[in-house]
Chemist: 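Structure below; questions to follow.
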Number of protein chains: 2
Amino acid sequence: MGSTIKDIAKDTNLSLATISKHLNGKNILPENKKLIEESIQRLGYIPNKTAQNLRSKKTKTICILLPIIGDYFWGFLCSIIEEYLRKYNYSTIISSYDASSGDNTSELQFLLSKQVDGVILIPDNSNSINLPFLLQKAHIPFVCLDQELSVIPADFVTSDNRAGAYGATRYFLENGHRKLGAIGGNLSSYTMKERLAGFRDACSEYHIPEENLCIYGGDVSSSAEYFRIMTSLPEHPTAVLMLGYDLTLGAIMTLSALNMQIPKDLSLISFDDDEIFSAFNPPITTVVQNMNEIGRQATKLLIKRINGNYDLFPETKMIETNFIIRKSVHVLADY
Amino acid sequence: MGSTIKDIAKDTNLSLATISKHLNGKNILPENKKLIEESIQRLGYIPNKTAQNLRSKKTKTICILLPIIGDYFWGFLCSIIEEYLRKYNYSTIISSYDASSGDNTSELQFLLSKQVDGVILIPDNSNSINLPFLLQKAHIPFVCLDQELSVIPADFVTSDNRAGAYGATRYFLENGHRKLGAIGGNLSSYTMKERLAGFRDACSEYHIPEENLCIYGGDVSSSAEYFRIMTSLPEHPTAVLMLGYDLTLGAIMTLSALNMQIPKDLSLISFDDDEIFSAFNPPITTVVQNMNEIGRQATKLLIKRINGNYDLFPETKMIETNFIIRKSVHVLADY
DNA sequence: ATACAAAAGCGAAACGTTTTGCTGTGCAAC
DNA sequence: GTTGCACAGCAAAACGTTTCGCTTTTGTAT
């Protein structure tokens with residue numbers, strides 16, 4: 001079991017160095033090449049990565065760091081990233097970090113001891129982590145996903161949330177809606193701010209006065225409550241943009257409890273599609289993030305940095321969202 | 001940057017061996033212990049795992065192997081497993097394998113070269129992979145999730161699908177339903193067989209004649225079509241058990257297209273809950289897998305095997321499903 | 001033929017740990 | 001006062017590669 005480069009050397013009467021050279025794609029004599037390859041077959045040689053890593057100080061491994069408690073949205077993205085990385089001959093380790101602790105030194109130590117070549121960081125909403133600092137100090141290249149780091153310049157790739165929200169809002173407006181609502185989670189998070197900005201962009205383009213806008217945000221758990229308040233206003237919005245997937249659930253539950261029907265009584269567009277949105281009655285129109293492209297771009301960018309190419313640092317990749325029109329928006333008669 | 005055990009040795013005037021001893025929890029003189037710990041602090045020493053791995057031939061790393069194209073159901077489970085493994089000081093690498101190829105030698109080579117201590121294998125439905133053989137031959141401990149391997153005895157942990165289906169079906173029966181349907185994906189897969197068996201268990205307990213049962217299965221894409229056929233039968237079932245999450249979506253879409261209402265026109269229970277099922281109108285009653293427990297048990301079992309404990313091999317851990325009663329089942333008047 | 005550069009090969013060192021086998025010290029038992 | 005034993009410490013070897021510096025071979029131009 002487990003033959004090594006030494007066995008190959010003995011078997012072929014060549015030196016370690018020559019075998020290693022061949023294995024790393026350098027030129028050697030064709031006859032030796034043949035000899036080595038035969039020997040590898042015969043002895044079933046498989047390179048030992050831990051030895052390679054130790055000697056070369058490169059591990060061809062990157063780590064996806066995500067906040068503890070895996071929201072399964074991210075789990076999905078991990079699979080995508082793993083697949084892309086594998087194409088570059090990198091392997092992926094996933095690890096969660098404790099976002100509630102102010103100090104992530106232990107996570108950094110993990111990365112250092114594992115000798116990872118780079119990190120894909122999925123920041124926590126709270127943005128209070130010091131991980132970015134630590135990574136920078138340790139000279140570990142990293143790319144952020146989803147959230148812009150306010151604290152430090154860093155590469156990041158994200159959906160173009162602003163444009164996505166803008167497009168959805170315009171769709172409301174083009175269908176005659178003039179009183180609009182938006183419900184978000186924590187409105188101070190980067191993502192929410194962007195989406196809200198897109199919402200406002202479209203509204204001001206159509207000269208919708210501020211008093212026709214109804215914007216709520218806060219805890220996800222209270223979103224249903226916000227929704228209830230909003231819809232009970234005497235002149236409530238006719239269309240609401242839901243700024244997050246989880247919020248939409250609360251909204252739909254509330255609506256059905258209030259016996260209001262989509263889109264007759266209220267039009268609705270949601271961020272972040274789920275397969276299941278298409279199964280609702282009516283199916284929900286959504287702004288959907290292109291997870292595949294996010295994964296691809298993040299991978300590409302990270303590997304560029306690992307290879308020492310720091311052109312355009314810090315780079316921001318905005319990935320276009322897709323707008324899937326289904327049936328949750330009412331075409332107003334008075335349009 | 002990056003001090004080593006050698007630096008600590010020099011700094012403390014002790015030998016490498018002593019430092020290593022301390023680091024691995026063996027006894028050394030208290031004064032030396034203090035000396036070493038101070039030195040570690042001062043020099044910011046972090047153990048190099050690649051070196052440790054090379055020398056000790058243990059990597060404290062396990063690999064989650066999942067079929068290519070990450071269905072995000074599995075992504076979620078990966079996060080759970082990672083979290084448990086971390087508690088045992090293991091790290092997790094994820095890697096996908098090509099289930100369509102009959103030969104997964106390259107995947108095995110990856111595992112061997114990475115020197116992983118164990119594998120959590122998520123088999124493909126097709127069960128045609130030779131990975132289990134290869135793992136066994138290479139003496140890499142592994143635990144299967146979800147599917148029993150027909151080809152080889154192996155540890156596996158799975159939901160108790162049969163009992164779950166039995167419970168759901170009984171719920172139909174107890175509410176007066178006597179004509180029942182079940183719609184599955186590929187009925188020859190282990191999971192589907194189990195669920196169907198549970199369905200039949202309950203039916204035969206209530207002496208439901210076979211002609212009152214309506215069972216369809218096949219491609220997920222054609223499930224909507226099966227559903228359409230079933231509901232158009234002159235004496236169609238009054239209650240249908242959906243044997244998989246994705247199938248339910250098709251069903252609900254079809255139902256709304258046919259203008260049939262749940263549960264008035266048809267009662268429905270689905271396997272595999274999604275947060276969103278509770279948001280449907282009406283909310284869907286479901287049989288839900290305890291992913292957390294699956295992850296926990298799989299981790300525990302794998303680590304036991306890694307530690308050389310092969311008691312009760314091959315071991316099967318059946319994890320109870322939970323039954324969440326919502327409002328998609330009609331209480332029949334004639335009950 | 002001769003000189004010279006380029007290519008290919010070699011032995012040995014290096015990467016940072018753990019493990020092995022040995023030595024020296026102190027202490028209890030006889 | 002010797003024997004024996006546990007314990008701590010040490011130097012050196014080992015893990016399986018890559019890399020360094022040097023030598024030998026090959027090919028080409030004179």
Chemist: Just grab all the salt bridge (charged side-chain N to carboxylate O under 4.0 Å, His left out) pairs involving residues 33-46 of chain A, residues at least two apart or on different chains.
Modeler: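 Non-adjacent pairs meeting salt bridge (charged side-chain N to carboxylate O under 4.0 Å, His left out): A:D11-A:R42, A:K34-A:E38.
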Chemist: Quick one: what's the B/S/- string for nucleotides 15-23 of chain C, heavy-atom cutoff under 4.0 Å, read 5' to 3'?
Modeler: BBBBB----
Chemist: Given atom NE2 of B:H22 and atom C1' of D:dC7, what is their separation to the nearest angstrom?
Modeler: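 Taking atom C1' of D:dC7 as the reference, NE2 of B:H22 is at 17 Å.
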Chemist: Who are the salt bridge (charged side-chain N to carboxylate O under 4.0 Å, His left out) partners of A:E293, not counting sequence neighbours?
Modeler: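 Per chain and number, A:E293 pairs via salt bridge (charged side-chain N to carboxylate O under 4.0 Å, His left out) with A:R296.
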Chemist: Tell me: CG of A:L14 to C1' of C:dG9, nearest whole Å?
Modeler: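 One finds 9 Å between C1' of C:dG9 and CG of A:L14, rounded.
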Chemist: What is the nucleic acid contact for B:N53, judged by heavy atoms within less than 4.0 Å: base, sugar-phosphate only, or nothing?
Modeler: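 Touches nothing.
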Chemist: Once you apply a heavy-atom cut-off of 4.0 Å, does A:D7 come out as touching a base, just sugar-phosphate, or nothing?
Modeler: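 Counting heavy atoms under 4.0 Å across all strands, no contact is made by A:D7.
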Chemist: Which atom pairs, donor and acceptor, lie under 3.5 Å between side-chain atoms of residues 23-32 of chain A and protein residues at least two apart or in another chain?
Modeler:
| residue | atom | partner | partner atom | Å |
| --- | --- | --- | --- | --- |
| A:N24 | ND2 | A:S20 | O | 3.1 |
| A:N24 | ND2 | A:S20 | OG | 3.4 |

Chemist: Taking atom P of D:dT26 as reference, at what distance in whole Å does atom CD1 of A:I28 sit?
Modeler: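 So the two atoms are 15 Å apart, to the nearest Å.
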Chemist: Starting from P on D:dT19, measure out to NZ on A:K58 and report it in whole angstrom.
Modeler: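 These atoms are roughly 11 Å apart.
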Chemist: Any pair with a residue in residues 98-115 of chain B that passes salt bridge (charged side-chain N to carboxylate O under 4.0 Å, His left out), sequence neighbours left out, goes on the list, sorted by first then second residue, please.
Modeler: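 Applying salt bridge (charged side-chain N to carboxylate O under 4.0 Å, His left out) to every pair that reaches into residues 98-115 of chain B, excluding sequence neighbours, yields nothing.
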Chemist: With sequence neighbours left out, what residues match B:D272 under salt bridge (charged side-chain N to carboxylate O under 4.0 Å, His left out)?
Modeler: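 B:D272 satisfies salt bridge (charged side-chain N to carboxylate O under 4.0 Å, His left out) with B:R195 once adjacent residues are dropped.
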Chemist: Could you check how far CG of A:L29 sits from C1' of D:dG27, rounded to whole Å?
Modeler: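 Interatomic distance, CG of A:L29 to C1' of D:dG27: 12 Å.
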Chemist: Does a side chain donor of either B:S96 or A:E82 reach within less than 3.5 Å of an acceptor in the other side chain?
Modeler: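 There is such a pair between these side chains.
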Chemist: Among residues at least two apart in sequence or on other chains, which ones pass salt bridge (charged side-chain N to carboxylate O under 4.0 Å, His left out) with B:D155?
Modeler: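 By the salt bridge (charged side-chain N to carboxylate O under 4.0 Å, His left out) rule, B:D155 matches B:R305.
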Chemist: Once you round it to whole Å, what is the distance between P of C:dA7 and NZ of A:K33?
Modeler: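 After rounding, the gap between these two atoms is 15 Å.
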Chemist: Would you say B:T18 places a side-chain N or O within less than 4.0 Å of OP1 or OP2 belonging to D:dC10?
Modeler: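 It does, given that an N or O in the side chain of B:T18 lies less than 4.0 Å from OP1 or OP2 of D:dC10.
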Chemist: Is any NZ, NE, NH1 or NH2 atom of the basic residue among A:E83 and A:K87 found under 4.0 Å from an Asp or Glu carboxylate oxygen of the other?
Modeler: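 The answer is no: the pair does not qualify as a salt bridge.
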Chemist: Between the opening five pairs and the closing five pairs of the helix from C:dA1-D:dT30 to C:dC30-D:dG1, how far apart are the helix axes, to 10°?
Modeler: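 About 40° separates the two local helix axes.
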Chemist: For A:S113, enumerate each residue passing the side chain to side chain contact (heavy atoms under 4.5 Å, CB included) test, keeping only those at least two apart in sequence or located in another chain.
Modeler: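 Here the qualifying residues are B:I46, B:K49.
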